[in-house]
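Since the structure is predicted, the reported quantities are computational estimates derived from the model, not experimental observations. Heavy-atom basis, side chains included; hydrogens, waters and symmetry copies ignored.
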Amino acid sequence: MKKLLLSLILLSAVLFQFCSTSKNASKHVMKMSYQKDISPIVMAHCSPCHFPDSGKKLPLNTYEALTTNIDAVLFRVQLPATDPKFMPWKSKKEPLSDSLIQVIKLWRDQEMPM
């Protein structure tokens, strides 16, 4: 019985050795980039209104334009859809999903890599 108990304790120790702690889990966060992750979201959800050739709104078609306005963008896409400041307002575009908003937040939190 003692051997069984000792074996279970040893097995548990070995298994828990490979579990991630919250410190280690942060090392596995996916790195975002403007080119790979953010630009496609902006193109799909913010064009043509925020693209200068066809839009008449604040331009968001470049890295510089988006990084300059990231907090305002995040604020507006998270407003209730009935709020006049909500984006995309009165558009045929679907609102950003929670998962897409989280991608943008993660990119911002990672200091907006290109």
Side-chain angles (χ1 to χ4, degrees):
M1 185 68 165
K2 285 184 182 183
K3 276 189 170 181
L4 178 62
L5 184 59
L6 185 58
S7 295
L8 286 174
I9 292 172
L10 184 57
L11 178 63
S12 297
V14 169
L15 289 175
F16 284 118
Q17 172 184 349
F18 297 105
C19 290
S20 294
T21 63
S22 59
K23 271 188 185 176
N24 291 337
S26 66
K27 292 179 185 178
H28 301 290
V29 172
M30 189 168 138
K31 296 290 181 183
M32 298 287 121
S33 79
Y34 174 78
Q35 293 295 332
K36 179 178 60 95
D37 303 297
I38 305 306
S39 181
I41 295 170
V42 174
M43 181 61 92
H45 293 274
C46 305
S47 70
C49 299
H50 291 279
F51 282 63
D53 291 344
S54 54
K56 295 180 179 159
K57 307 285 183 185
L58 173 73
L60 296 175
N61 62 321
T62 65
Y63 172 82
E64 292 77 18
L66 188 60
T67 57
T68 301
N69 296 289
I70 192 64
D71 291 327
V73 169
L74 282 169
F75 174 76
R76 293 184 75 167
V77 299
Q78 294 178 90
L79 289 169
T82 56
D83 190 305
K85 292 183 180 182
F86 172 77
M87 284 292 141
W89 179 247
K90 294 186 180 178
S91 170
K92 294 180 182 177
K93 305 274 183 177
E94 288 289 319
L96 272 69
S97 66
D98 290 341
S99 61
L100 289 178
I101 292 170
Q102 291 306 315
V103 167
I104 297 170
K105 284 181 176 181
L106 180 59
W107 176 69
R108 182 201 53 199
D109 294 347
Q110 292 175 355
E111 299 180 6
M112 299 175 280
M114 183 64 162

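To the nearest 0.5 Å, atoms CD1 (Ile70) and CZ (Phe75) are separated by 14.0 Å. To the nearest 0.5 angstrom, Asp109 atom CG is 9.0 Å from Gln102 atom CD. One finds the OG1 atom of Thr67 at 13.0 Å from the CZ atom of Arg108 (value rounded to the nearest 0.5 Å). Expressed to the nearest 0.5 Å, how far CD1 of Ile101 lies from CG of Leu106 amounts to 13.5 Å. Here the straight-line distance linking atom CE of Met30 with atom CD of Gln110 works out to 9.0 Å at 0.5 Å rounding.
Here the closest non-hydrogen pair linking Pro113 and Met32 is CG-O, 2.9 Å.
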Pair up each side-chain donor or acceptor in residues 39-50 with any protein partner under 3.5 Å, not counting sequence neighbours, and list the distances.
| unit_1 | atom_1 | unit_2 | atom_2 | d |
| --- | --- | --- | --- | --- |
| His45 | ND1 | Glu94 | O | 3.1 |
| Ser47 | OG | Met43 | O | 2.5 |
| His50 | ND1 | Leu58 | O | 2.6 |

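With sequence neighbours excluded, the residues forming a side-chain contact (heavy atoms from CB on, under 4.5 Å) with Asn61 are Phe51, Pro52, Pro59, listed by chain and number.
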CA sep, side-chain torsions, deciding dist, call: Leu96, Ile104, side chain to side chain contact (heavy atoms under 4.5 Å, CB included): CA-CA 10 Å; Leu96 272 69; Ile104 297 170; 3.6 Å; yes
Criterion side chain to side chain contact (heavy atoms under 4.5 Å, CB included) on Leu66 and Tyr34, from CA distance to verdict: CA-CA 10 Å; Leu66 188 60; Tyr34 174 78; 4.0 Å; yes
Run Tyr63 and Met112 through side chain to side chain contact (heavy atoms under 4.5 Å, CB included) and show every step you take. CA-CA 9 Å; Tyr63 172 82; Met112 299 175 280; 4.1 Å; yes
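Within 6.0 Å of CD in Gln35 there are more than 12 heavy atoms belonging to other residues, nucleotides or ligands. More than 12 heavy atoms of other residues, nucleotides or ligands shown are found within 6.0 angstrom of NZ on Lys36.
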